[in-house]
Amino acid sequence: MNALLRAEGVGKSYTLRGRRVDVLRDVELAVRGGEVTALVGHSGSGKTTLLHILGLLTPPDSGRVYVGDADVTGLGDGALADLRRTRLGFVFQSYNLLPQHSALRNVVLPFTGRRADGEARARTLLERVGLAERADHLPSELSGGEQQRVALARALINDPPAVLADEPTGNLDSESEDVLLGLFRELADEGRAVLLVTHNPAVSDFADVVHRLDKGEFTREEPAERKPAGERTRANTRTESAE
Amino acid sequence: MNVFSLALANVRALRRRLIGLVALVSVAAAVCLGALGIADRAQGVTDSGVKESSANRSITVDRPVDRPDTPQLTDRTEARLAKLPHVESVQHRAQVSFGVLTKAGDTVLLYATTYRPALTPPVTKSVRKDLFPLKPGEIVAPAASQGADLGKLVGQDIEIETTRFVRQGEGTGVTGHARLVGVYDPTWQLDNPDAAYAADSTVVRWAAQRSGEQEKNYLSTVGYDQLTVVARTAADVPAVTKSVQQLGYPAVTLQQQLSALPGVLEMIKVVGQVLLGVLGVLAFVGAVTVTGALSRQRAQEIGILKAVGFRTRSVLTMLVTEMALVGAAAALIGVVLGALLGGGAAALLRGSAELAPYVKGWVLLPSAATLLLLLGLTVLVVAIGSLAPARRAARMSPTDAMKDW
Ligand SMILES: Nc1ncnc2c1ncn2[C@@H]1O[C@H](COP(=O)(O)OP(=O)(O)OP(=O)(O)O)[C@@H](O)[C@H]1O
Ligand SMILES: [Mg+2]
């Protein structure tokens with residue numbers, strides 16, 4: 001199966017005031033192209049941490065992360081930045097955009113080719129997310145949903161095979177949410193891997209595959225109406241110890 | 001997106017928050033440039049005065065006053081020095097004191113001095129356009145001396161008192177007349193500060209009268225007070241100086257005496273140089289502070305940049321380039337302000353007759369080389385100042401950078 005992003009035995013812990021907190025332990029996760037994958041779980045269960053590890057923003061303490069077939073373990077800061085730019089697209093819950101720059105410039109930001117090419121492509125993408133008219137607006141002049149769509153356009157500027165989003169609909173009304181989810185579906189239909197972290201049942205219902213991170217349990221669910229119930233993965237999350 | 005165009009766009013977008021630093025650096029640069037510009041112009045006026053005249057080729061030989069072993073500077077000495085190799089000409093000058101009797105009843109003591117045709121004083125008021133050569137009986141005095149304003153006597157026959165020899169160490173006053181045809185800027189201190197320039201024959205007549213020597217014998221017995229030996233080229237000056245000294249005469253090059261500036265201008269020059277240091281410190285401290293504060297405020301922006309694939313080095317380049325642009329803008333504004341400030345200060349200085357000849361012209365800026373150097377240094381200092389805080393900001397992990405929401 002074409003897993004575009006893969007976590008293999010990933011562990012992460014933080015030490016807070018002398019107490020070690022294991023946030024992730026021995027996590028196995030594959031995100032495939034052509035599917036919308038949802039990562040759900042209660043607050044503090046480590047969803048963002050896992051997304052950042054898969055997004056190469058935070059290194060895991062143990063285990064391996066694969067982008068395509070390539071193991072990124074041991075890659076330098078620069079190489080990881082290059083992978084983020086070319087292979088991954090990000091949409092965060094909020095504060096996605098540089099406040100001092102127009103929507104268009106925010107979209108062009110990660111593009112490294114010729115300026116004119118970047119701007120042409122950015123305009124196409126803004127059009128795709130329905131914001132062609134707003135190219136010259138500052139983020140403060142856009143609604144929350146519009147800002148998220150600009151962020152999505154930016155995530156696509158280098159045509160990455162995988163798009164990661166952390167609570168992308170967290171601050172949106174259901175109408176804006178539908179627009180954004182429709183766009184994510186299109187991306188999956190183009191063959192990209194889409195990984196969404198969410199609290200929102202509407203979003204997890206919409207996903208093809210759902211992984212639940214929970215106290216002591218990491219489950220994979222596949223919504224009944226789409227696919228038969230999936231296999232369980234090993235329980236491996238969030239145990240606290242006072243080592 | 002190219003980091004340089006991003007930096008430029010950031011500076012434009014964040015200009016409100018950068019205005020303090022720009023104002024600080026540009027005002028410091030302006031004051032510094034204004035002062036240096038005035039000093040530079042004054043030095044330029046002095047130096048070109050030296051070059052246009054034969055002063056940079058001249059060696060002066062003063063009459064040995066306290067040294068009986070050295071021979072007098074007679075007309076034979078003049079002929080002898082003129083025959084030395086690489087010597088173009090020898091000019092002589094005599095000097096003798098006399099008094100000017102003012103209407104108020106005071107006496108102003110001046111030194112009648114032979115003028116140098118090639119190096120006439122900066123005349124501020126005169127009866128005719130081409131004042132030199134002077135005719136016998138004409139004098140050019142300092143515009144002010146010993147509290148008396150001689151400028152208002154220009155064009156008048158003035159009453160003077162010369163001295164007649166009675167016996168060794170004793171003389172008697174003789175009143176006479178001379179015509180004051182012009183006055184010069186009294187800061188001109190190439191000769192005695194109270195020098196009154198006159199034709200050679202006039203000075204020699206008064207000097208002979210004072211010495212008790214007959215006028216026709218005076219030059220071969222008592223001789224001149226100073227000889228100026230003019231070398232063929234400036235490069236010959238050391239060799240000529242040496243051969244004059246080998247003949248037993250004390251010789252000094254004229255240029256050393258000429259390059260000195262009036263005290264106020266010397267001070268302005270020093271102020272400019274001190275401000276240059278102050279500017280450097282201000283620019284550095286300002287850059288450190290502003291970069292530190294801004295990058296804390298912009299942590300989340302830096303986090304986004306890194307998340308979407310900017311390398312640490314690119315973020316660092318972006319932040320430092322931003323500050324370099326700020327430094328460049330500040331320096332350029334400083335140049336404009338400095339030109340205005342220098343022009344204004346020069347206008348004030350022109351109010352003083354003494355300083356006016358040194359601060360001609362409206363745009364007083366230092367040379368292009370100095371300007372470029374200042375521009376480059378400002379940019380460099382600001383960029384270096386921003387380096388440490390920018391590196392700290394750029395090195396943050398994207399996750400940490402975005403945490404402070
Ligand atoms: N840098 C850090 N230092 C210490 N602890 C951290 C750090 N980052 C995360 N944690 C801890 O790790 C745990 C998981 O955090 P994470 O942000 O991944 O949770 P989450 O599932 O995304 O929660 P939410 O749904 O509220 O966003 C939390 O208990 C949090 O306190
Ligand atoms: Mg989270």
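Note that the coordinates shown come from a computational prediction; the quantities given were computed from them, not determined experimentally. In the text below, chain A, chain B and the rest are named by the order of the sequence lines, each starting its count at 1.
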Worksheet item: Of the non-hydrogen atoms in Ala207(A) and Thr37(A), which two are nearest, and what is the gap between them?
Response: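 Taking Ala207(A) first and Thr37(A) second, the nearest heavy atoms are CB-C, 4.4 Å.
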Discussion item. What part of Ser314(B) gets within 4.5 angstrom of chain A, counting heavy atoms only: side chain, backbone, both, or neither?
Written reply: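 Contact with chain A is absent: no heavy atom of Ser314(B) under 4.5 Å.
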Discussion item. Heavy-atom cut-off 4.5 Å, strictly under: side chain, backbone, both or neither for Arg12(B) against chain A?
Written reply: neither
Practice prompt. Between chain B and each of Asn96(A), Leu138(A), Leu56(A), count heavy-atom pairs under 4.5 Å; write down the option with the most.
Written response: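 Going by pairs under 4.5 Å, I would pick Asn96(A).
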Fill in: Top contributor to chain B contacts, counting heavy-atom pairs under 4.5 Å, from Asp77(A), Ile157(A), Thr86(A), Leu83(A)
Asp77(A)
Fill in: Polar side-chain atom of Ser386(B) near backbone of Ala383(B) as donor-acceptor pair, under 3.5 Å
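The answer is yes, because a donor-acceptor pair under 3.5 Å joins these two groups.
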Worksheet item: With the threshold set at 4.0 Å, does a side-chain nitrogen-carboxylate oxygen contact exist between Glu119(A) and Arg115(A)?
Response: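 Salt bridge between Glu119(A) and Arg115(A), a charged N being under 4.0 Å from a carboxylate O: yes.
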Practice prompt. State plainly whether the residues Arg192(A) and Asp159(A) are in salt-bridge range, i.e. N to O under 4.0 Å.
Written response: yes
Item to complete: Apply the test salt bridge (charged side-chain N to carboxylate O under 4.0 Å, His left out) to residues Asp82(A) and Arg311(B): give CA-CA distance (whole Å), side-chain angles for both, the deciding distance (0.1 Å), then the verdict.
Response: CA-CA 8 Å; Asp82(A) 290 347; Arg311(B) 290 170 167 231; 2.4 Å; yes
Practice prompt. Please name the residue in the list Leu50(A), Leu24(A), Asp22(A), Val27(A) that meets the side chain to side chain contact (heavy atoms under 4.5 Å, CB included) test with Lys12(A).
Written response: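 Of the listed residues Leu50(A), Leu24(A), Asp22(A), Val27(A), the side chain to side chain contact (heavy atoms under 4.5 Å, CB included) partner of Lys12(A) is Leu24(A).
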Item to complete: Flag the one option from Pro398(B), Gly303(B), Ala307(B) with the top tally of heavy-atom pairs under 4.5 Å to chain A.
Response: Ala307(B)
Fill in: Interchain contact, Ala79(A) with chain B, by part (heavy-atom threshold 4.5 Å)
backbone
Item to complete: Using non-hydrogen atoms and a 4.5 Å limit, figure out which bit of Arg114(A) sits close to chain B: side chain, backbone, both or neither.
Response: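 No part of Arg114(A) comes within 4.5 Å of chain B.
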